[in-house]
Amino acid sequence: SMSSWLGPSGTPASLFAFCPRCGRDLPPRSDPKCLDCPKCGLRYYFNPTVAAAAFVRRPDGRVLLIRRAREPAMGKLAPPGGFIDEGETVEEALRREGREEGGLSLKRLEFLTSRPNSYRYREVVYPVLDLFFTAEADSEVVSPDLHEVASAEWLNPADVSPDDMAFVSTRAAFIEYLRRAGH
């Protein structure tokens, strides 16, 4: 089938049977991560998109976790975070997401770990690199945007099962957070 040479079904690379610049049929690819048009010379690489999230802790050790309001992983827990916009630093993205998802200003951002992830949105499976941080907040008062998240609450990390986390990457990062926090 055509998709067998375009890349794994549902990935961004699998959606391109024609050159997006000149419209020519694309020949079978030797590298599924790269679109290479023999007619116009367009070369396009399908790199992972980047997302960031922060385990926000307060002095008593509780962490802020949001419950996802929509698919994928609706109803599962995650640290506040999201995709990094073009032209935005990781720190800016984390502060924006902290405001949007928890109504909080984040400070003392420190890198924790990174994990690859696959994020299915509609019919496309996006390869993502998730960057995880720890942070502190300027307040303990959470005012989540309920269009963005179902809830945001301070939880004792020892009471949260990694299985309740939204993604494989988030579970791995949460386990690393627990390990570093001595739980």
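Scope of the values below: all heavy atoms of this structure, side chains included, with no hydrogens, waters or symmetry mates.
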Among the clusters formed by ILVMFWY side chains lying less than 4.5 Å apart, do L155 and L178 turn up in the same one?
yes
Kindly indicate whether the side chain of P116, heavy atoms from C-beta on, has any atom under 4.5 Å from the side chain of P48.
no
How long is the straight-line distance from CG of D164 back to OG1 of T170, given to the nearest 0.5 Å?
12.0 Å
Could you give me the CA-CA distance, side-chain angles and deciding distance for V90 and F133, then say whether side chain to side chain contact (heavy atoms under 4.5 Å, CB included) is met?
CA-CA 10 Å; V90 176; F133 290 74; 3.5 Å; yes
Is F16 reachable from Y45 through a run of I, L, V, M, F, W or Y residues, each pair having side-chain heavy atoms under 4.5 Å apart?
no
Where is the tightest heavy-atom contact between F174 and V160, given as atom of each residue plus distance?
CE2-O, 3.5 Å
Could you walk me through whether R171 and D163 satisfy the side chain to side chain contact (heavy atoms under 4.5 Å, CB included) test, starting with their C-alpha distance in whole Å, then the side-chain angles of each, then the deciding distance to 0.1 Å, before giving a yes or no?
CA-CA 7 Å; R171 281 192 286 280; D163 292 338; 4.2 Å; yes
Check: P20 and L35 side chains under 4.5 Å, non-hydrogen atoms:
yes
Working to the nearest 0.5 Å, report the span between OH of Y177 and CG of L112.
9.0 Å
Does R95 come within less than 4.0 Å of E91, counting only side-chain N to carboxylate O?
no
Same cluster or not: V63 versus I66, using hydrophobic residues (I, L, V, M, F, W, Y) connected whenever any side-chain heavy atoms lie under 4.5 Å apart?
no
Tell me whether I84 is reachable from V56 by hopping between hydrophobic residues (I, L, V, M, F, W, Y) whose side-chain heavy atoms are closer than 4.5 Å.
yes
Assigning hydrophobic clusters by single linkage (Ile, Leu, Val, Met, Phe, Trp, Tyr; side-chain heavy-atom cutoff under 4.5 Å), is F18 placed with L15?
no
What do the steps show when you test F55 against E176 for side chain to side chain contact (heavy atoms under 4.5 Å, CB included), and what is the final call?
CA-CA 11 Å; F55 291 99; E176 178 64 15; over 6 Å; no
Flag the pair R57 and E136 as a salt bridge only when some basic side-chain nitrogen lies within less than 4.0 angstrom of an acidic carboxylate oxygen.
yes
Separation between CZ of F167 and CZ of R120, rounded to the nearest 0.5 Å
12.5 Å
Chi angles and distances behind the side chain to side chain contact (heavy atoms under 4.5 Å, CB included) call for V168, R115
CA-CA 9 Å; V168 171; R115 291 290 188 277; over 6 Å; no
More than 12 heavy atoms of other groups within 6.0 Å of F83 CZ
yes
N/O donor-acceptor pair under 3.5 Å between W154 side chain and E140 backbone
yes
Just by modelled atom types, is the G75 backbone N or O under 3.5 Å from a matching donor or acceptor in the R67 side chain?
yes
Separation between OG (S114) and CZ (F132), nearest 0.5 Å, reads 9.0 Å
Quick one: does D130's side chain get under 4.5 Å of Y119's, heavy atoms only?
no
Looking only at heavy atoms, the pair that brings A69 and M74 closest together is O-SD, 3.3 Å
Is there a donor-acceptor pair under 3.5 Å between the side chain of R21 and the backbone N or O of C37?
no
Interatomic distance, T49 atom OG1 to Y126 atom OH [nearest 0.5 angstrom]
9.0 Å
Minimum heavy-atom separation for P157 and R62, please, with both atom names.
CD-CA, 4.1 Å
Is there any salt bridge (charged side-chain N to carboxylate O under 4.0 Å, His left out) pair reaching into residues 75-86, and which pairs are they, with sequence neighbours excluded?
D85-R96
Is the backbone of S105 close enough, under 3.5 Å, to the side chain of D138 for a donor and an acceptor to pair up by distance?
yes
Output for pair (L64 CG, E101 CD), nearest 0.5 Å, gives 9.0 Å
Looking only at heavy atoms, which two atoms of P79 and M165 are closest? And how far apart?
CD-CE, 3.9 Å
